[in-house]
Amino acid sequence: MSTNSKTTKTNNSIVRTRFAPSPTGYLHIGGLRTACYAYLFAKKHGGKFILRIEDTDLERKVAGAEEVIYNTLKQAGLHYDEGPDVGGEYGPYIQSERKASYGQYAQQLVKNGGAYPCFCSVERLEKMREGGATKYDKHCLKLSKDEVAKRLANGEPHVIRQNIPQTGTTEYADLVFGTITIDNDELEDGVLIKSDGMPTYNFANVIDDYLMGINYVMRGTEYLSSTPKYNHIYDGLGLEKPQYIHMQPIMRDSKHKLSKRDGDASFDDFVKSGYLPDAILNYIILLGWSPKSNDEKFTLKQAEEMFTVEGLSKSPSIFDLEKLKWLNAQYIKELSEEEFYKLATPFLNSLEHIKDLDKKYLCTLLQSRCSIIRDVVELCDFIKAFDNFDLNLFISEKWKTDITVAKAMLPPLLKELTAKVDMEELSNLSEIIEGFAIANGYKKGQVLLVFRLALTGSLVTPGGAHEMAKLLGTEVMLSRLATVIQRL
RNA sequence: GGCCCCUUGGUCAAGUGGUUAAGACACCGCCCUUUCACGGCGGUAUCAGGGGUUCGAACCCCCUAGGGGUCACCA
């Protein structure tokens, strides 16, 4: 249990949270959820949600990735109060543009003994590790002041390392995990400033969070055990430490995180295949967090009211596509006919075989049968793939029908329809079928089932017999019936 | 491997010493629409294992097992 739920106070200052992704590609579902929680926590407390781009690793930077992040966040409705493209008092919001500020803090830390220059070559470090060392041996900390000054003056390449005590323990209170205690001996003198002058994440992160007034740091659990290192930096500089909220990842299965590399879809991919942004958000918020109430379907706005740190899960959660689909279907049902039509149109337009049909009408049938918008494509399959359907579909235990029944029923039914049906409107279809059933000793349901199957060649169709007949039109209806009769 | 964290049905999960251990997805059954689907109702199924503590443990303690994270001039 969280030992610190009471410390979710705001220190009389406004809550400020941030989402700090690296521009290494698109924003995946896991990252988006982290952003969600940081957003919700800020909004719940009337605070600010900030976007910061962490691009100190020039190697991994991907062109255009920032825009993807901005767009995804906007599309998801996670509006940040400050960020690279919206500005704010604490800018710039891109780390590579903040280079100037890190050096001075590093120098101050060196002065205070919290860090030191290190001239060790990459080769020496490698050799050390090959020799079994698990962390840096503080070799350069032992250099004399004079020597350091001299080598610095000579412009020797060097990094700045953090100086961490080798004994004792460091502990802090995480708002979801409670007290975390780490032996200082486990902590390495990590690099703060790289030899190219750029800060590492470890350092930039701390300095930026401080400079930007971030008082609640919300991030993945991969930082749970390195947080003491960051606290040593705050302490070394005499800065007030933030509260920490670490969150477990979304898993693809019990052993693997959801990740791009393994082909797990991005937010954008989900949207493209017809998941509604609101439904995706709703689902991922619910995955790893639960409200006090039993509500499972809610808007972002409602989630802002309901959000509590206590509801965050301490264990990873497995992504369940089935449940997302179910939720998405709920959202689709709530769409107006026009909205659904608009969303379905791009998919429908790609289908040659339905180009002569009344798409508006089709959509009214389709809307309650889609889990995702893309489902409309498959639901329309019966319209073209008709000729060779499996005749065994006529076998129904419930309605006591089979191929023989169909063979007996269909020819007279076709005759009846050809003779009597209202060719324009199909207005009397129901009467005809009912009359036919009575006259021939069938139940109406039997006739309806066989008729619908003969008409569509499909067990599941986007509507009942009447709707399907109306959709396809009288001519197609009659010709399909004739075709099936021939096959029987 | 060292260290940190986690462990309630197939999945998401509620639960904070006394509950018939919620709810949702999925699954199964029934009903509705005299046809599928949608919808409605109901059902199957969970406290990782073992020791304690206690009158009483899913809840507290210990051990074991399993899983995740972390040990970079990546973030």
Practice prompt. Tell whether A:Tyr136 reaches the base of B:A72 with its side chain through a donor-acceptor pair below 3.5 angstrom.
Written response: no

Fill in: B:C6 and B:A13, which share atom name C1', separated by this distance in whole Å
15 Å

Worksheet item: Just checking A:Gly463: base, sugar-phosphate only, or nothing, at a heavy-atom cut-off of under 4.0 Å?
Response: base

Worksheet item: With both distances under 3.5 Å as the test, what is the Watson-Crick or G-U wobble partner of B:U46?
Response: none

Worksheet item: Between B:A37, B:G39, B:C6, which nucleotide has the shortest distance from any of its atoms to the side chain of A:Lys314?
Response: B:C6

Worksheet item: Base, sugar-phosphate, or nothing: which does A:Cys370 touch, judged by heavy atoms less than 4.0 Å apart?
Response: nothing

Worksheet item: Are A:Tyr230 and A:Tyr244 near enough that their ring centres are under 6.0 Å apart?
Response: no

Discussion item. OP1 or OP2 of B:U35 versus the side-chain N and O atoms of A:Lys443: is any pair under 4.0 Å?
Written reply: no

Worksheet item: Do A:Asp55 and A:Arg98 sit within salt-bridge range, that is, some charged N less than 4.0 Å from a carboxylate O?
Response: no

Worksheet entry | Integer angstrom distance from the P of B:A26 to that of B:U16 | 28 Å

Discussion item. Once you apply a heavy-atom cut-off of 4.0 Å, does A:Lys333 come out as touching a base, just sugar-phosphate, or nothing?
Written reply: sugar-phosphate

Discussion item. B:C36, OP1 or OP2 - any side-chain N/O from A:Lys398 closer than 4.0 Å?
Written reply: yes

Discussion item. Please report the distance separating the P of B:C63 from the corresponding atom of B:G2, rounded so that it comes out in whole Å.
Written reply: 15 Å

Discussion item. On the nucleotide B:C73, are OP1 or OP2 found under 4.0 Å from the side-chain N or O atoms that A:Arg129 carries?
Written reply: yes

Worksheet item: Just how far, in rounded Å, is P of B:C12 from NZ of A:Lys323?
Response: 10 Å

Worksheet item: Under 4.0 Å: is that the gap between some side-chain N or O of A:Lys255 and OP1 or OP2 of B:G67?
Response: yes

Worksheet item: With the threshold set at 4.0 Å, does a side-chain nitrogen-carboxylate oxygen contact exist between A:Lys323 and A:Glu296?
Response: yes

Worksheet, complete the sentence: Note: for A:Arg369 and A:Leu324 on RNA chain B, the residue whose nearest nucleotide lies more 5' is A:Leu324

Worksheet item: Roughly, in whole Å, what's the span from CG in A:Asp295 to C1' in B:A14?
Response: 13 Å

Discussion item. Whether A:Trp399 contacts B:C36 is assessed here as follows: a side-chain N or O lying under 4.0 Å from the phosphate OP1 or OP2. Is that the case?
Written reply: yes

Practice prompt. Could you check whether A:Thr56 gets within reach of a base, just the sugar-phosphate, or nothing at all, counting any heavy atom under 4.0 Å?
Written response: sugar-phosphate

Worksheet item: Are A:Ser290 and B:A14 close enough that a side-chain N or O sits under 4.0 Å from OP1 or OP2?
Response: yes

Item to complete: Pick the C1' atom in B:C31 and in B:G67, then give their distance to the nearest Å.
Response: 43 Å

Item to complete: Among the candidates B:G23, B:U35, B:C3, find the nucleotide nearest to the side-chain atoms of A:Asn294.
Response: B:G23

Discussion item. Taking the P atom in each of B:C25 and B:G39, what is the distance between them to the nearest angstrom?
Written reply: 9 Å

Worksheet item: B:A21 pairs with which nucleotide, Watson-Crick or G-U wobble, both distances below 3.5 Å?
Response: none

Worksheet item: Should B:C3 form a Watson-Crick or G-U wobble pair with both distances under 3.5 Å, which nucleotide is its partner?
Response: B:G69

Practice prompt. Please measure how far the C1' atom in B:G51 lies from the corresponding atom in B:C4, and state the result in whole Å.
Written response: 25 Å

Fill in: Same-atom distance (P) from B:C59 to B:G9, integer angstrom
14 Å

Practice prompt. Would you kindly give the CD1-to-C1' distance between A:Ile250 and B:G68, to the nearest whole Å?
Written response: 15 Å

Worksheet item: In whole angstrom, what separates A:Ile318's CD1 from B:C6's C1'?
Response: 13 Å

Worksheet item: Can you pull the ring pair (Phe, Tyr, Trp, His ring centres under 6.0 Å) pairs that have at least one residue in residues 308-335 of chain A, sequence neighbours excluded?
Response: A:Phe270-A:Phe319, A:Tyr283-A:Phe319

Response to the item:
Minimal heavy-atom distance between A:Phe436 and A:Met409, with the atoms involved, is CZ-O, 3.5 Å

Worksheet entry | Same-atom distance (P) from B:C12 to B:A48, integer angstrom | 13 Å

Worksheet, complete the sentence: Heavy-atom nearest nucleotide on RNA chain B taken for A:Phe119 and for A:Asp320; more 5' hit belongs to A:Asp320

Discussion item. Is the positively charged end of A:Arg161 above the ring of A:Tyr136, judged by distance under 6.0 angstrom from the centroid and angle within 45° of the axis?
Written reply: yes

Item to complete: Ignoring the backbone of A:Trp326, work out which of B:U33, B:A24, B:C5 is nearest its side chain.
Response: B:A24

Worksheet entry | Options B:A37, B:C4, B:C12, nucleotide nearest the side-chain atoms of A:Ser317 | B:C12

Worksheet item: For B:G39, which nucleotide in any strand shown is its Watson-Crick or wobble partner with both distances under 3.5 Å?
Response: B:C31

Worksheet item: What nucleic acid atoms does A:Phe319 come within less than 4.0 Å of, heavy atoms only: base, sugar-phosphate, or nothing?
Response: nothing

Worksheet item: Looking across every strand, which nucleic acid part, if any, lies under 4.0 Å from A:Ser313 by heavy atom: base, sugar-phosphate, or nothing?
Response: sugar-phosphate

Item to complete: Report the nucleotide, chosen from B:A75, B:A14, B:A26, that has the shortest atom-to-atom distance to any side-chain atom of A:Glu322.
Response: B:A26

Fill in: Among B:C71, B:A75, B:U34, the nucleotide that comes nearest once only the side chain of A:Lys444 is considered
B:U34

Discussion item. Looking at A:Phe119, I'd like to know if the NZ or CZ of A:Arg151 sits under 6.0 Å from its six-membered ring centre while staying within 45 degrees of the ring's axis.
Written reply: yes

Item to complete: With heavy atoms under 4.0 Å as the rule, sort A:Glu188 into base, sugar-phosphate or nothing.
Response: sugar-phosphate

Discussion item. Using Watson-Crick or G-U wobble geometry with both distances under 3.5 Å, which nucleotide pairs with B:A13?
Written reply: none

Practice prompt. Between B:U33, B:A75, B:C25, spot the one nearest the side chain of A:Ser22, thanks.
Written response: B:A75

Discussion item. If I take atom CD in residue A:Glu467 and atom C1' in nucleotide B:C38, what distance separates them, rounded to the nearest angstrom?
Written reply: 12 Å

Discussion item. So A:Thr181, base contact, sugar-phosphate only, or nothing? Heavy-atom distance under 4.0 Å.
Written reply: sugar-phosphate

Item to complete: Kindly point out which of B:A37, B:C5, B:U11 is positioned nearest to the side chain of A:Leu224?
Response: B:C5

Fill in: Length of the line joining A:Leu286:CG and B:G23:C1', which is rounded to integer Å
11 Å

Discussion item. Using a 4.0 Å heavy-atom cut-off, does A:Ser226 contact any base of the nucleic acid, only the sugar-phosphate backbone, or nothing at all?
Written reply: nothing

Discussion item. Is the terminal nitrogen or CZ of A:Lys359 (NZ for Lys, CZ for Arg) located under 6.0 angstrom from the six-membered ring centre of A:Tyr341 and within 45° of that ring's axis?
Written reply: no

Fill in: Between C1' of B:G67 and NZ of A:Lys257, the distance in whole Å
14 Å

Worksheet item: From B:A24, B:U35, B:C36, pick the nucleotide closest to the side chain of A:Glu296?
Response: B:A24

Worksheet item: Taking the side chain of A:Tyr201 as its heavy atoms from C-beta onward, which of B:U35, B:A75, B:A26 lies nearest to it?
Response: B:A75

Fill in: A:Lys241 to A:Tyr172 six-membered ring, cation-pi geometry met (6.0 Å, 45°)
no

Discussion item. Under 4.0 Å, heavy atoms only, any strand: does A:Ser195 hit a base, just the sugar-phosphate, or nothing?
Written reply: base

Discussion item. Just verifying a value: how many Å separate A:Ile180 CD1 and A:Asn231 CG, rounded to the nearest 0.5 Å?
Written reply: 11.5 Å

Worksheet item: Once you round it to whole Å, what is the distance between C1' of B:A37 and CZ of A:Phe382?
Response: 12 Å

Discussion item. What contact category does A:Glu54 fall into here, base, sugar-phosphate, or nothing, at under 4.0 angstrom with non-hydrogen atoms?
Written reply: sugar-phosphate

